[in-house]
Asks: 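This structure is in C-alpha cells; I'll ask about it shortly.
The chains referred to below are lettered A, B, ... by the order of the sequence lines, with proteins before strands, and numbering in each begins at 1.
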Number of protein chains: 2
Amino acid sequence: MTDAHDLLFKTLSDPTRRAIFERLCRGGEQTVGALTTHAGVSQPAVSKHLGILKHAGLVRDRHEGRQTHYSAQLGALAPLVDWTKEMASFWESRFDDLEDLLRRMDQ
Amino acid sequence: MTDAHDLLFKTLSDPTRRAIFERLCRGGEQTVGALTTHAGVSQPAVSKHLGILKHAGLVRDRHEGRQTHYSAQLGALAPLVDWTKEMASFWESRFDDLEDLLRRMDQ
DNA sequence: TCAATCCATAGCCAACGGGTTATTGATTTT
DNA sequence: AAAATCAATAACCCGTTGGCTATGGATTGA
C-alpha cells in the first residue's frame with residue numbers, strides 16, 4: 001500500500017514541495033534559509049516539506065554548524081520512471097499516441 | 001499554479017485512483033461495474049475517481065446504452081515524462097547515480 | 001408498463017495535509 | 001557571557017479529500 005510509487009507521487013503532488021525539489025535540482029545544494037527566501041511560505045513550512053522530501057529519499061541533508069544544507073537525490077526518481085515505462089509497456093502498439101510518448105521517452 | 005504537472009501528480013497520488021488507471025492500462029477499456037468489482041470501494045467512489053482521471057485527461061469515456069466504458073489515455077503521461085527528463089537535465093554529469101537513472105530511461 | 005440494472009450526483013462526515021505562530025536547541029557573533 | 005541567528009519541533013487551525021449512503025436519470029428486460 002505504502003509502496004515506492006505511492007510515496008513518490010504523494011511527495012511530489014504538492015506544488016510548494018515540488019518547487020523546492022525543482023530548485024534543488026536546478027541550483028544544487030542550498031540551505032534552509034536560502035530555500036525559504038524563494039518558497040513563499042514560512043521557514044517551518046519549508047522544514048516540514050524538506051522532511052517529507054527526505055523521507056521519500058528525494059533529498060539529502062548535510063549539517064554544517066548551525067545551518068543545514070539540502071541537495072536533491074535524482075536517483076530516487078527511478079521508480080517513477082519505471083512506473084511510466086510499465087504503463088507504456090501495457091499499451092504496446094495499441095494507440096497512435098503511443099508513438100509520440102515513446103519518442104519523448106527516448107529523447 | 002494548476003499546471004499540467006500539478007494536475008497529473010495530484011491525480012495519480014491516490015492509490016485507489018492510480019490502481020484504477022493501472023488496471024485500464026493493463027486490461028484496456030472497461031465498464032464502471034467491472035472496475036468497481038476490483039476497486040475495493042463503492043461504485044460512487046469509483047465514478048468519482050474516474051471523473052478526476054478524466055479531468056486530468058488520463059482516461060476517455062464512451063457511452064453505450066446504460067453502461068459507460070473507460071479507457072486509459074497514455075499520451076496524458078507525457079508532461080510527467082518531460083518533467084522527469086527536465087529534472088535529470090539539470091543534473092547533467094553531477095552525480096554518479098545519474099548514470100543509473102539515464103540507463104533506466106533509455107530502456 | 002413495470003421492474004431491474006447501470007452509472008452519476010448529492011449530501012454528509014471523518015481523516016489528512018499544509019499553513020500558521022510560538023518555542024526550543026544548537027551554534028555563532030559581539 | 002549575552003545576544004543573535006538558524007533550523008527543527010510542537011500545537012493548533014482550517015480547507016480539502018476520499019469514503020459512505022441515498023437518490024435520480026436513463027436504459028434494458030420481463
Side-chain angles (χ1 to χ4, degrees), chain A residues 1-3 5-24 27-73, chain B residues 1-3 5-24 27-73:
Chain A
M1 189 88 342
T2 306
D3 61 358
H5 300 146
D6 233 61
L7 195 57
L8 272 182
F9 277 115
K10 274 215 176 358
T11 300
L12 293 171
S13 68
D14 179 73
T16 303
R17 190 157 54 232
R18 199 172 57 254
I20 292 175
F21 178 71
E22 290 180 8
R23 170 164 278 268
L24 287 173
E29 188 181 83
Q30 290 169 61
T31 67
V32 175
L35 292 169
T36 300
T37 303
H38 306 93
V41 293
S42 67
Q43 173 266 312
V46 171
S47 280
K48 202 187 281 189
H49 283 305
L50 287 169
I52 295 171
L53 285 168
K54 181 181 173 184
H55 184 250
L58 286 164
V59 301
R60 284 184 72 244
D61 60 343
R62 181 175 68 80
H63 298 283
E64 185 181 329
R66 65 186 166 188
Q67 42 194 3
T68 310
H69 298 259
Y70 281 87
S71 54
Q73 291 291 102
Chain B
M1 189 86 340
T2 306
D3 60 357
H5 300 147
D6 232 60
L7 195 57
L8 272 183
F9 277 115
K10 274 215 180 351
T11 300
L12 294 172
S13 67
D14 180 75
T16 304
R17 190 157 54 231
R18 199 171 57 254
I20 292 174
F21 178 70
E22 290 179 8
R23 172 164 276 267
L24 287 174
E29 188 181 84
Q30 289 169 62
T31 67
V32 176
L35 292 170
T36 299
T37 302
H38 306 93
V41 293
S42 66
Q43 174 267 311
V46 172
S47 280
K48 202 188 281 189
H49 282 306
L50 287 169
I52 295 172
L53 285 167
K54 181 181 173 184
H55 183 252
L58 285 165
V59 301
R60 284 184 73 242
D61 60 344
R62 182 175 67 83
H63 299 281
E64 185 181 330
R66 65 187 166 186
Q67 42 194 3
T68 310
H69 299 259
Y70 282 88
S71 54
Q73 291 290 103

Asks: Nearest whole Å is fine: how far is C:dC7 P from B:His63 NE2?
Replies: 11 Å
Asks: Between P on C:dT9 and CG on B:Asp61, what's the gap in Å once rounded to a whole number?
Replies: 10 Å
Asks: Would you say B:Ile52 and B:Arg17 make side-chain contact, with heavy atoms under 4.5 Å?
Replies: yes
Asks: Between D:dA8, D:dT21, C:dG19, which nucleotide has the shortest distance from any of its atoms to the side chain of A:His49?
Replies: C:dG19
Asks: Tell me the interatomic distance from B:Phe9, atom CZ, to C:dG18, atom P, rounded to whole angstroms.
Replies: 14 Å
Asks: How long is the line joining NZ of A:Lys10 and C1' of C:dC16, in whole Å?
Replies: 10 Å
Asks: For the side chain of B:Thr37 and the backbone of B:Gly33, is there at least one donor-acceptor N/O pair under 3.5 Å apart?
Replies: yes
Asks: D:dA7 C1' sits how many Å from A:Gln30 CD, rounded?
Replies: 16 Å
Asks: Judged by each residue's nearest nucleotide on DNA chain D, which is more toward the 5′ side, A:Thr68 or B:Ser13?
Replies: A:Thr68
Asks: Report which part of the nucleic acid A:Thr36 touches: base, sugar-phosphate, or nothing (heavy-atom distance under 4.0 Å, all strands).
Replies: nothing
Asks: Let me know the distance between CG of B:Leu50 and C1' of D:dG19, rounded to the nearest Å.
Replies: 15 Å
Asks: Taking the side chain of B:Ser42 as heavy atoms from C-beta outward, which of D:dG19, D:dA7, D:dC20 is closest to it?
Replies: D:dC20
Asks: Is a side-chain donor or acceptor of B:Lys54 paired with a backbone partner of B:Val59 at a separation under 3.5 angstrom?
Replies: no
Asks: When you measure from the side chain of B:Gln30 to the backbone of B:Gly28, do you find a donor-acceptor pair of N or O atoms at a distance under 3.5 Å?
Replies: yes
Asks: Which is true for A:Ala45 with a 4.0 Å heavy-atom rule: it touches a base, it touches only sugar-phosphate, or it touches nothing?
Replies: base
Asks: Using the side-chain heavy atoms of B:Gln43, tell me which of these nucleotides is nearest: C:dC7, D:dT9, D:dG18.
Replies: C:dC7
Asks: Salt-bridge test for A:Lys10 and B:Asp14: reply yes if a basic N is under 4.0 Å from a carboxylate O, no otherwise.
Replies: no
Asks: When you check the phosphate oxygens OP1 and OP2 of C:dA8, does a side-chain N or O of B:Tyr70 lie under 4.0 Å from one of them?
Replies: yes
Asks: Is the distance from OP1 or OP2 of C:dG19 to the nearest side-chain N or O of A:Thr16 less than 4.0 Å?
Replies: yes
Asks: From the options C:dG19, C:dA10, D:dA8, select the nucleotide whose nearest atom is closest to the side chain of A:Ser47.
Replies: D:dA8
Asks: With the side chain counted from C-beta on, respond yes when B:Arg18 and A:Phe9 share a heavy-atom pair under 4.5 Å apart, and no when they do not.
Replies: yes
Asks: Assuming nearest nucleotide by heavy-atom distance, tell me which of A:Gly65 and A:Asp14 is located more 5' along DNA chain C.
Replies: A:Asp14
Asks: Can you figure out which of C:dC7, C:dT21, C:dA10 approaches the side chain of A:Pro44 most closely?
Replies: C:dT21
Asks: Could you check how far NE2 of B:His55 sits from P of D:dG18, rounded to whole Å?
Replies: 14 Å
Asks: If you find the nucleotide of DNA chain C closest to B:Lys48 and the one closest to A:Arg66, which residue's nucleotide is nearer the 5' end?
Replies: B:Lys48
Asks: For B:Leu7 and D:dT16, give me the distance from atom CG to atom P, rounded to whole Å.
Replies: 16 Å
Asks: When we call it a touch if two heavy atoms are under 4.0 Å apart, what does B:Gln67 touch: a base, just sugar-phosphate, or nothing?
Replies: sugar-phosphate
